[in-house]
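Proteins get letters first, then strands, A, B, ... in listed order; numbering begins at 1 in each. Keep in mind the model is a prediction, meaning the values are calculated, not measured.
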Number of protein chains: 2
Amino acid sequence: MQQPTIYDVAKKAGVSIATVSGVINNNGKYSNKTKEKVLDVMEELKYYPSSVASSLTAKRTQTIGLIIPDISSPFYAEFARSLEDWGDEKGYSIIICSTDYNEKKEKKYVSLLLRRRVDGIIISSGFNNVDLIKDIIQQEIPVVLVAYNIDSLQLNTVSVDDYRGGYQATAYLAELGHKRIAIITETVQSSAERIRGYQNALNDYHLIYDENLLTESRATFEEGEIQAEKLLNLEEPPTAIFAFNDILAIGAMRAVLKRGLKIPEDISIVGFDNSVLATICNPTLTTMAQPLNDMGKEAIGSLISEIEGTVKRKQRILLLPELVKRHSTGPANLKSNKREVKN
Amino acid sequence: MQQPTIYDVAKKAGVSIATVSGVINNNGKYSNKTKEKVLDVMEELKYYPSSVASSLTAKRTQTIGLIIPDISSPFYAEFARSLEDWGDEKGYSIIICSTDYNEKKEKKYVSLLLRRRVDGIIISSGFNNVDLIKDIIQQEIPVVLVAYNIDSLQLNTVSVDDYRGGYQATAYLAELGHKRIAIITETVQSSAERIRGYQNALNDYHLIYDENLLTESRATFEEGEIQAEKLLNLEEPPTAIFAFNDILAIGAMRAVLKRGLKIPEDISIVGFDNSVLATICNPTLTTMAQPLNDMGKEAIGSLISEIEGTVKRKQRILLLPELVKRHSTGPANLKSNKREVKN
DNA sequence: TCTTGAAAGTTAAACGCTTTACGAAAAAAA
DNA sequence: TTTTTTTCGTAAAGCGTTTAACTTTCAAGA
């Protein structure tokens, strides 16, 4: 026999399929005797109820789509893991879609998830095509944005306080005596707030804001390295580099070490994310930790409350990043600051 | 209106639902005029065919289950990404299940995948409960094992040649002049063959096999560190450590560096996997690369050919690992070899 | 002119569940 | 005993597709 169906169970147990269904879903009103009988037969037949059939009637697939740039990147992998765990706890499975920042893939995957009738979709920063999100909303599929915000759309959102992240990292470097603090920003949305935090921190510590110290790049080791090289080649190079994610920070480290400079004696480096990479590199990386596990929990919670309609108002959840001090930062080496800072 | 169905499309296009279905799936025999009309209406209504409904009739979900220890671990994340890409190319989505080596989770997830009627399941090493695999087979769901073999079961398999991996890494160290080469094995199946390779290489290079140099542990940084410490505390410590995955290798590095020893001057270290970690740590890690992308491709290919019944015989695919030389290995420092080797 | 066959569609059943409305039997109340 | 509840179940419709079998139309061949 092929996979047994509810009919096989019903027949063998001598009851109707409604009864079997009722027992499976524990919809009260069946005698213990019947329940046991049914359960026994299910066991005996190795019957696994088909969730595709039940999804069809229940109009719920208990599945969530996750759209991220790349599951193989440690930060996203850790986030996905958190979602998997929290989702599982609530009875949801996750389908992961890696877009590589590519609009074609975005489109393909959105369409896929819609056809699969996922109950909700979690989209992280790095997603480009806003119109696709509108398509999702039009189909009345709940969406939660993570580390990502779209002003024109009213959506549930979970993010880290990027402004504070930018501010804290910068302030920390300033307190270590660094006067020329460079940043390597990422070409994603969260960068803007981090830059604002950076600028305000500079201001509060009476440091000048020098546009030459601001670079932007895609999140790869190579790009981080290239950008750091540019910074080091400046007439007045920075003594500290704040990279907007750990990958870029590690790329920057490479550039610094390649020149024979020491970290943190000559150059301090701060990353962002606190992915596993930060603990592996040498020296270990001081970085702004994103509370990934909490983000996962909130994202799932937010999404499910929208799916189940328990909360009507959209919510913006803002979590606090935290500075994790490791060995890539230290007091500024003042000798190398050729010129003094105005103000 | 809620999500439009095939009826809505049919009605608006003035055709039967069978026609709409036919056009969607490109089942010949419809005039261009009709096709266009239907396509237009689909577009206009933003109609996304429900794959849950079609799965019910077609008895295919176009979904593959992946069971691994932990998606947040770089090696598995990279592998999952490869599967995602190859699967997508063939029209399959992946549901990832992280078991944490925990039999309860294994059971839960197997049951989940069976209920979801996935078309096939890919199971990696680190899976413990063989009986569960039998349950899967009994349901006639194709299974492919990756880096994992179960003698009692005749299954499709994709692995790396662990024997050669163990041999090559050891031989490389031996050629660098190391006499006392320790190994930190992992508590998974693939270890056995790697150990055999290690032993044979020792033999071929006329080195003694010392049981004290063989340790075993779970794959965490901490465990790697602990095991390496033990090795370094030996009366005759090794001059080279070959760890059976990059995580363990990096843990070992920590222990070595913590003692003030230098890598590779005092101790050489070789890992296994060639995950992203190997390029991040400092010094960068010499490691046996597993051809993850090929493994993903072969696993998907093997699984799909079984799903579609194109290939009847089970196949064992064996891929070759490759030594990637980086900066964690160097010539043996002979001074530190107190005692000479017999033979 | 009549027959055949291909082309273009349609009808209706099936897929494996959930759920609503309803019925019979048993228990409780009168 | 009769009536009313409660308990335990069942029948049947519906979810949105696919598909096998069938019908209609029309051009071509005999």
Side-chain angles (χ1 to χ4, degrees), chain A residues 1-39 41-42 45-63 91 112 114-119 139-141, chain B residues 1-39 41-42 45-63 91 114-119 139-140:
Chain A
M1 177 166 55
Q2 272 289 63
Q3 314 226 49
T5 73
I6 198 171
Y7 287 94
D8 301 312
V9 176
K11 194 168 185 180
K12 188 144 194 169
V15 296
S16 74
I17 61 165
T19 302
V20 176
S21 174
V23 171
I24 291 170
N25 302 297
N26 212 9
N27 288 343
K29 64 173 187 178
Y30 293 100
S31 69
N32 286 333
K33 197 175 143 196
T34 308
K35 278 187 197 170
E36 274 167 32
K37 180 67 188 159
V38 170
L39 260 9
V41 173
M42 281 173 57
L45 256 36
K46 301 252 178 208
Y47 167 66
Y48 292 85
S50 161
S51 23
V52 4
S54 64
S55 291
L56 190 60
T57 35
K59 291 177 163 275
R60 288 282 219 73
T61 53
Q62 301 296 121
T63 308
L112 177 83
L114 256 16
R115 284 202 305 271
R116 285 191 173 261
R117 297 291 191 267
V118 295
D119 296 333
Q139 302 285 318
E140 301 182 35
I141 306 297
Chain B
M1 176 166 58
Q2 272 290 62
Q3 313 227 49
T5 71
I6 199 171
Y7 286 94
D8 301 312
V9 175
K11 195 169 185 182
K12 187 143 194 172
V15 297
S16 73
I17 61 165
T19 303
V20 176
S21 174
V23 171
I24 291 170
N25 301 297
N26 213 8
N27 288 343
K29 64 173 187 175
Y30 295 99
S31 69
N32 286 334
K33 198 174 142 196
T34 306
K35 280 187 196 170
E36 275 167 31
K37 180 69 188 160
V38 170
L39 261 9
V41 173
M42 282 174 55
L45 256 34
K46 301 250 177 209
Y47 166 68
Y48 292 85
S50 161
S51 20
V52 5
S54 64
S55 291
L56 189 60
T57 35
K59 293 179 164 274
R60 287 285 218 71
T61 53
Q62 301 295 122
T63 307
L114 254 17
R115 284 203 305 274
R116 286 194 172 258
R117 296 291 191 269
V118 294
D119 297 333
Q139 300 287 319
E140 300 182 37

Along DNA chain C (nearest heavy atom to each residue), the more 5'-positioned of B:A53 and B:K33: B:K33
Considering only heavy side-chain atoms of B:S54, the closest of D:dG9, D:dT17, C:dT10 is D:dT17
For a quick test of reading the model: is some side-chain N or O of A:Y47 closer than 4.0 Å to OP1 or OP2 of C:dC17? yes
Correct closest heavy-atom pair for B:A10 and B:S16 would be CB-C, 3.8 Å
Please determine if a side-chain N or O atom of A:S31 lies less than 4.0 Å away from the OP1 or OP2 oxygen of D:dG9. yes
Smallest heavy-atom separation, A:T61 atom then B:V52 atom, equals CG2-CG1, 4.1 Å
When you measure from the side chain of A:S16, which nucleotide among D:dT19, D:dA11, D:dT17 comes out closest? D:dA11
Tell me the interatomic distance from B:I6, atom CD1, to D:dG14, atom C1', rounded to whole angstroms. 16 Å
Between C:dG9, D:dT17, C:dT11, which one does the side chain of B:T5 approach most closely? D:dT17
Reading DNA chain C from 5' onward, which residue's closest nucleotide shows up sooner: B:V15 or A:Y48? B:V15
Just N and O in the side chain of A:T57: are any of them under 4.0 Å from OP1 or OP2 of D:dC15? no
Phosphate contact (D:dG14 OP1 or OP2) by B:Y7 side-chain N/O below 4.0 Å: no
From D:dG9, D:dT17, C:dT19, nucleotide with atom closest to A:T34 side chain: D:dG9
To the nearest angstrom, the NZ-P distance between A:K29 and C:dA25 comes to 17 Å
Which whole-number value in Å describes the distance from B:L56 CG to C:dA14 P? 14 Å
Determine: side-chain N/O of A:T19 to OP1/OP2 of D:dT10, distance under 4.0 Å, yes or no. yes
Whole Å only: how far is the CZ atom of A:R115 from the P atom of D:dT17? 12 Å
Candidate nucleotides D:dT18, D:dA12, C:dC15, ranked by approach to the side chain of B:K59 - the nearest: C:dC15
Side chain to side chain contact (heavy atoms under 4.5 Å, CB included), that's the test. Do A:I6 and A:Y47 meet it? Break it down for me. CA-CA 8 Å; A:I6 198 171; A:Y47 167 66; 3.6 Å; yes
Taking 4.0 Å as the cut-off, does a side-chain nitrogen or oxygen of B:N25 come that near to OP1 or OP2 on D:dT18? yes
Counting side-chain heavy atoms from C-beta on, which of D:dA11, C:dT18, D:dT18 comes nearest to B:I17? D:dT18
If you look at every heavy atom in A:D119 and A:Q62, which pair is closest and at what distance? OD2-N, 2.6 Å
Which heavy-atom pair separates B:R117 from A:P4 by the least distance, and what is that distance? NH2-O, 4.3 Å
Nearest-Å distance for atom pair NZ/C1', residues A:K37 and D:dC8: 17 Å
